[in-house]
Amino acid sequence: VTDLNAVLRRFGRLGKWKESVVLFEWMKKHNKLTAPTYTSYFSVLGKACQVDKALQAFEELEDQEIRSNLYLWNSMISTLISNGKVDKAFQFFRLMKEEGLVPDRITYSTMISGCSKALGGFYKAQELVKEMRDKDLRLDSVMYGALINVCASNHMVEEARATFDEMQAEGFVPNLFHYCSLLNSYALKGWHEQAEQVLADIKSAGLKPNKVVFNSLINAYARAKLPLKARGIFEEMTEYGLQPDMISFCSLMDAYAKAGQVEEAQQMFDQMKASGLKPGSNSYSILISAYGKSGKINMIRKLSQEIDHIIGGDLDIHLFNSLLKVYCQAGVMDGVMDILRKMDTQGCSPNRITFHILMAYFCKEDLCDLAIRTFQDMEARGYPANETSYTILIQGFVRYNKVKDSLDLLAEMHKRGVSPT
RNA sequence: CAUGAAUUGCCACCUUGG
């Protein structure tokens with residue numbers, strides 16, 4: 001059984017999650033399921049964006065002994081969080097306590113890292129920290145890393161810096177994770193001077209910057225719409241002895257795309273291929289959005305076909321969403337249908353953003369009842385409506401003078417306590 | 001045998017610029 005669990009994990013590392021599903025089902029049929037089987041399985045599914053499968057396995061789990069295993073809950077929570085189902089993760093967190101389990105430091109650090117994807121995540125993270133204090137659990141180095149990242153992804157630059165300082169006051173020595181999260185808080189705002197300063201700090205702390213540091217810095221310049229500077233960092237990292245990776249190329253492509261330089265973005269794409277890197281979903285989705293912004297639908301169709309041939313089964317939700325958005329904006333109905341069909345055959349589950357794109361599209365086309373049905377679908381699939389969801393619908397209704405419906409929605413939104421703004 | 005932190009791409013509004 002131990003070996004089978006290892007095989008399960010190996011499938012994951014090779015990106016063969018479908019095989020691991022088969023193996024898992026086989027093990028289930030032969031009563032060979034142990035707690036590590038579940039944790040390994042969840043971990044594989046989490047990385048392959050197949051949360052629904054993990055949730056299903058969890059629900060079908062009847063063995064009480066396994067169900068009271070802390071690792072099981074921790075890895076389920078981790079899977080939910082890496083797939084953006086933060087609300088659900090909090091539900092599980094509550095549920096595990098109700099079942100008498102005591103969260104450990106791994107549970108808390110997983111939950112804290114999940115706060116980077118939640119609206120108002122900073123405050124949720126603070127509550128978790130407080131809860132830990134009450135239980136005499138101390139923050140460790142990893143948790144500080146997660147906390148800084150929570151600040152960064154919520155665009156709270158000051159707080160990121162304060163947390164960074166606080167951890168040092170507590171006697172922790174920052175590592176590359178901490179520096180990178182800090183750098184990223186600046187990068188996300190396009191504050192390239194501060195980002196550069198962090199790079200300097202890394203060097204003077206005697207640490208060797210890695211690709212992540214440089215990539216983040218490229219991103220800082222991308223957001224600042226300074227593609228030439230981004231390019232400069234790209235070259236600097238090469239001189240530093242670091243091979244640009246997929247993310248380096250993508251960040252640079254995006255720098256050009258954001259600056260409206262589609263041709264240069266295309267050039268980087270070609271250069272990436274020439275350097276032996278396989279373009280993945282992310283590079284295609286940058287290109288597609290870039291062409292979409294300049295209204296080149298024929299290029300989109302071409303890329304869309306190319307994708308079918310090149311990446312088999314590796315298409316991810318971001319890419320589908322980008323395609324959907326472009327087709328929706330252009331009002332290309334057959335394109336939209338085509339993508340939805342492909343998602344289905346690829347086994348790629350829609351996320352909240354997918355539903356938002358579709359809702360906006362239906363509203364625009366005056367298909368309000370379809371929009372509402374999509375809204376309900378979304379909630380049924382485990383994505384509770386948030387402020388954005390309501391905003392899209394309300395605006396759609398207002399556009400067609402359905403004032404009464406809008407007001408109803410607004411009331412419903414308040415009643416449900418969705419962050420009223 | 002199993003679980004935790006950093007870098008790219010997708011959504012309404014807003015802001016800024018075009």
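Each chain gets a letter, A, B and so on, in the order the sequences are listed, and its residues count up from 1. All values reported here derive from a predicted model rather than from experimental measurement.
- The shortest distance between the side-chain N/O atoms of A/Arg10 and the OP1/OP2 oxygens of B/rA2 is not below 4.0 Å.
- Among the atoms of the strands shown, only primed sugar atoms or phosphate atoms (P, OP1, OP2) are found under 4.0 Å from some heavy atom of A/Ile286.
- The closest donor-acceptor contact from the side chain of A/Asp165 to the backbone of A/Gln168 lies at 3.5 Å or more, if one exists at all.
- Following rounding to the nearest Å, A/Leu207 (CG) and B/rA6 (C1') show an atom-to-atom distance of 13 Å.
- Side chain of A/Ser216 to backbone of A/Val212: no donor-acceptor contact under 3.5 angstrom is found.
- Side-chain proximity of A/Asn175 to the nucleotides B/rC10, B/rA5, B/rU8 is greatest for B/rA5.
- Of the side-chain N and O atoms in A/Asn219, none sit less than 4.0 angstrom from OP1 or OP2 of B/rU7.
- Regarding contacts with the backbone of B/rA2, every side-chain N or O of A/Asn5 stays at 4.0 angstrom or more from both OP1 and OP2.
- Whole-Å rounding puts the A/Leu72 CG to B/rG4 P distance at 13 Å.
- Within 4.0 Å (heavy atoms only), A/Leu176 reaches at least one base atom of the nucleic acid.
- Residue A/Met143 is in base contact, counting any heavy-atom pair closer than 4.0 Å across all strands shown.
- Annotation: cation-pi pair A/Lys342/A/Phe320 absent, no NZ/CZ under 6.0 Å from the ring centroid and within 45° of its normal.
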Atom pairs, N/O to N/O, protein against nucleotides 12-18 of chain B, distance under 3.5 Å?
unit_1	atom_1	unit_2	atom_2	d
B/rA12	O2'	A/Gln395	OE1	2.2

